[in-house]
Number of protein chains: 2
Amino acid sequence: MLTMHTAPGNERPLVTSDVVVFTIRDGELRLLLIKRRHEPHGGRWALPGDTLLPDEDLEHAALRALAAQTGVSGVYLEQLYTFGKPGRDPRGQAISVAHYALVPSEQLRLRAAGEAAAVGWFAREQTSDLAFDHAEIVATAHARLVAKLDYSTIAFQFLPAEFTLSELQRVYETIRQEALDKRNFRKWILARRAIEETGEVRRDGSHRPARLYRVKYPGRVEIIRHERPGGTRGQPGREMALHERGPSQ
Amino acid sequence: MLTMHTAPGNERPLVTSDVVVFTIRDGELRLLLIKRRHEPHGGRWALPGDTLLPDEDLEHAALRALAAQTGVSGVYLEQLYTFGKPGRDPRGQAISVAHYALVPSEQLRLRAAGEAAAVGWFAREQTSDLAFDHAEIVATAHARLVAKLDYSTIAFQFLPAEFTLSELQRVYETIRQEALDKRNFRKWILARRAIEETGEVRRDGSHRPARLYRVKYPGRVEIIRHERPGGTRGQPGREMALHERGPSQ
DNA sequence: CCAAAAGTGTTGTTTATACACCCATGT
DNA sequence: ACATGGGTGTATAAACAACACTTTTGG
């Protein structure tokens with residue numbers, strides 16, 4: 001009735017919580033990797049992450065590992081997908097609950113510690129040769145990020161509390177990898193009603209000062225889509241049939 | 001180096017793969033529940049699911065448990081979310097990789113077996129008192145289903161290979177809980193270009209026969225949204241700055 | 001006064017909504 | 001002949017895409 005090992009042969013899978021942390025640096029989308037200290041995959045670049053502690057929450061494990069290995073904290077974190085294909089970890093059956101996180105491009109001190117021998121921000125193109133199936137996790141996270149850009153307010157997570165519309169536009173352009181029209185972008189983003197002027201401006205160079213904006217409801221990432229099929233609540237008199245009760249068969 | 005128990009005290013969490021199976025029955029969205037045979041929560045209704053077998057894939061476990069406990073197979077399955085809050089299972093730390101599945105409303109033989117003492121299709125309103133945190137999983141699955149309806153082709157998974165536009169409209173109406181305008185619905189769905197006429201018709205009653213349609217690319221559930229911010233690929237001459245290489249800091 | 005980024009409006013096109021009648025069949 | 005569900009078009013409104021110049025500042 002007692003067990004003392006984490007070696008293969010254990011009938012329960014190993015569960016880890018891992019994070020893909022994105023930021024925008026030097027006008028480019030980058031993500032945070034650690035160089036692994038130990039086997040398996042010692043010396044290779046990998047996502048920050050760790051096995052779950054007893055009774056630890058999944059998000060908590062991701063944030064704890066992130067802080068311990070890279071020194072990064074205070075990120076916006078969301079669960080991404082759970083990876084569990086047999087063979088993905090040489091130690092045996094291993095389930096990775098992957099998360100993704102976004103941090104403002106501001107100054108962030110990185111500090112490699114714990115399992116991390118080194119830490120760094122990498123561009124997408126440099127992340128094809130990672131430990132485990134982490135390249136696949138990165139690809140999934142990136143796809144999710146791009147998709148969510150258009151119908152949610154995640155983009156704001158890359159910016160500090162106050163920002164200019166040009167900065168916001170640059171976030172979209174960097175992630176979407178295409179230039180956007182300034183006027184149309186402004187109309188579009190303001191129509192979502194997710195941000196408001198602070199009333200202040202920022203002066204930064206020999207040009208007209210930029211108005212500062214803030215997120216209206218800073219707590220949360222919200223859905224800002226407006227689409228639906230079909231239109232019109234049907235024939236005037238008609239009513240949706242809500243049928244009988246009880247499980248069937 | 002050997003272990004022979006599944007009892008608490010194990011330092012690794014228990015991992016289960018569970019499924020929320022939706023179908024449309026009697027004009028209503030319903031989901032498949034089993035009555036648990038054993039503790040914990042013996043006698044209560046719960047989602048089909050089971051602990052992972054050694055080296056078993058997550059999807060495979062969900063499909064295996066579904067077939068074993070309910071007799072249902074051949075479903076469209078997608079991973080939903082992973083639930084792992086401490087305390088969600090009285091046996092100790094337990095991670096549930098939840099999936100959701102869609103099946104056509106056709107005749108499906110249910111057959112309770114294994115952990116399932118009984119099986120049945122239940123309406124949403126009847127699923128508030130489930131074992132574990134399964135009510136929360138159901139709520140998450142339902143929200144995902146509703147959201148995906150509008151921007152993907154999942155709705156087709158509720159229908160057999162050939163179907164009429166009225167049947168398809170009924171799927172949308174049932175899930176969205178509102179009636180839709182027939183003409184607008186048809187314009188909308190045909191504009192997505194995801195379905196095509198088979199050339200055949202179905203005669204069912206004393207009325208005009210209905211044209212049959214099929215999904216163009218039956219393999220996959222696709223994204224059919226068309227939205228983007230900003231418009232216009234920027235000032236003509238301008239080029240996106242793609243900056244320097246190498247990890248920073 | 002020059003360079004640099006901020007800011008701003010109009011027009012054409014596409015997509016969504018509202019709405020009502022005729023058609024083909026079985027009984 | 002009638003009841004039943006299948007099938008169709010048009011006009012208005014809203015959202016999106018294309019496009020270029022003026023403003024404010026610092027140096």
Side-chain angles (χ1 to χ4, degrees), chain A residues 27 150-151 162-173 176 178-193 195-213 224-241, chain B residues 27 149-151 162-173 176 178-213 224-241:
Chain A
D150 288 6
Y151 66 87
E162 306 200 336
F163 52 86
T164 68
L165 291 184
S166 295
E167 289 171 333
L168 183 57
Q169 182 174 346
R170 251 171 264 130
V171 169
Y172 277 87
E173 290 178 328
R176 301 260 308 264
E178 58 179 345
L180 301 172
D181 179 77
K182 205 203 300 189
R183 285 166 293 187
N184 290 341
F185 176 79
R186 283 164 189 238
K187 268 178 288 184
W188 180 80
I189 195 69
L190 293 172
R192 311 292 111 165
R193 314 177 145 288
I195 61 176
E196 60 191 1
E197 295 190 34
T198 65
E200 308 289 302
V201 295
R202 177 193 300 155
R203 327 179 164 263
D204 18 22
S206 48
H207 55 82
R208 181 169 175 174
R211 295 187 190 160
L212 290 171
Y213 288 78
I224 50 177
R225 188 151 26 82
H226 299 295
E227 211 171 333
R228 55 187 52 74
T232 299
R233 227 125 14 291
Q235 278 59 49
R238 200 181 156 218
E239 186 127 338
M240 279 297 298
Chain B
L149 247 210
D150 289 6
Y151 65 86
E162 305 201 338
F163 52 86
T164 68
L165 292 183
S166 294
E167 289 170 333
L168 183 57
Q169 181 173 346
R170 251 170 263 131
V171 170
Y172 277 86
E173 290 178 328
R176 300 259 309 264
E178 59 179 347
L180 301 172
D181 179 77
K182 204 203 298 189
R183 284 167 293 188
N184 290 342
F185 177 78
R186 282 164 189 237
K187 268 178 287 184
W188 179 80
I189 196 68
L190 293 172
R192 312 292 110 168
R193 314 178 145 286
I195 60 176
E196 60 190 2
E197 296 191 34
T198 65
E200 308 290 302
V201 295
R202 178 193 300 156
R203 327 178 165 265
D204 313 81
S206 49
H207 54 83
R208 182 169 175 176
R211 296 188 189 159
L212 289 171
Y213 288 78
I224 50 177
R225 188 153 24 83
H226 298 295
E227 210 172 335
R228 53 187 54 73
T232 298
R233 226 122 21 289
Q235 278 59 50
R238 201 182 154 218
E239 185 126 338
M240 280 296 299

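Lettering of chains follows the sequences in order, A, B, ..., and the numbering in each one begins at 1. Just so you know, these numbers use all the heavy atoms, side chains as well, and skip hydrogens, waters and symmetry mates. This is a predicted model, so every value here is computed, not measured.
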* B:R186 vs C:dA16: side-chain N/O to OP1/OP2 distance below 4.0 Å -> no

* **Side chain to side chain, B:Y213 and B:L190, heavy atoms closer than 4.5 Å** => yes

* Whole-Å distance between C:dA6 P and A:F163 CZ? -> 14 Å

* Structure fact -> Output for pair (B:E200 CD, B:T164 OG1), nearest 0.5 Å, gives 14.0 Å

* Could you check how far CD of B:Q169 sits from P of D:dG7, rounded to whole Å? => 11 Å

* Between CG on residue A:D181 and NZ on residue A:K187, distance to nearest 0.5 Å -> 7.5 Å

* Structure fact -> When rounded to whole Å, the CD to C1' distance for the pair A:E197 and C:dA6 reads 12 Å

* Asked: Atom CZ of B:R183 and atom C1' of C:dT15: how far apart are they, to the nearest Å?
  -> 17 Å

* **Nearest to side-chain heavy atoms of A:A210, which nucleotide of C:dG7, D:dG7, C:dC19** => C:dG7

* Asked: Roughly how far, to the nearest 0.5 Å, is CD of B:E162 from CZ of B:R211?
  -> 14.5 Å

* Structure fact -> Of all heavy-atom pairs linking A:I189 and A:Y172, the shortest is CD1-OH, 4.0 Å

* Asked: Between D:dG6, C:dT8, C:dC19, which one does the side chain of A:K182 approach most closely?
  -> C:dT8

Could you go through nucleotides 10-12 of chain C and list every protein N or O atom that sits under 3.5 Å from one of its N or O atoms, giving the distance for each pair?
residue	atom	partner	partner atom	Å
C:dT10	O4	A:K187	NZ	2.9

* **Interatomic distance, B:Y213 OH vs D:dG6 C1' [rounded to whole Å]** => 10 Å

* Rounded to the nearest Å, what distance is computed from the CZ atom of residue A:R193 to the P atom of nucleotide D:dA15? -> 11 Å

* Under 3.5 Å, is there a donor-acceptor pair between the side chain of A:E173 and the main chain of A:L180? -> yes

* To do: Using a 4.5 Å cut-off on heavy atoms from C-beta on, say whether the side chain of B:F163 contacts that of B:V171.
  => no

* NZ of B:K182 to CZ of B:F185: how many Å apart, nearest 0.5 Å? -> 12.0 Å

* Give the rounded distance in Å between these two atoms: CD1 of B:I189 and C1' of C:dT15. => 15 Å

* **Within residues 200-209 of chain A: residues closer than 4.0 Å to DNA chain C (heavy atoms)** => A:S206, A:H207, A:R208, A:P209

* At what distance, to the nearest 0.5 angstrom, does CG of A:L165 lie from CG of A:L212? -> 9.5 Å

* Interatomic distance where CG belongs to A:D181 and C1' belongs to C:dT8 [whole Å] -> 11 Å

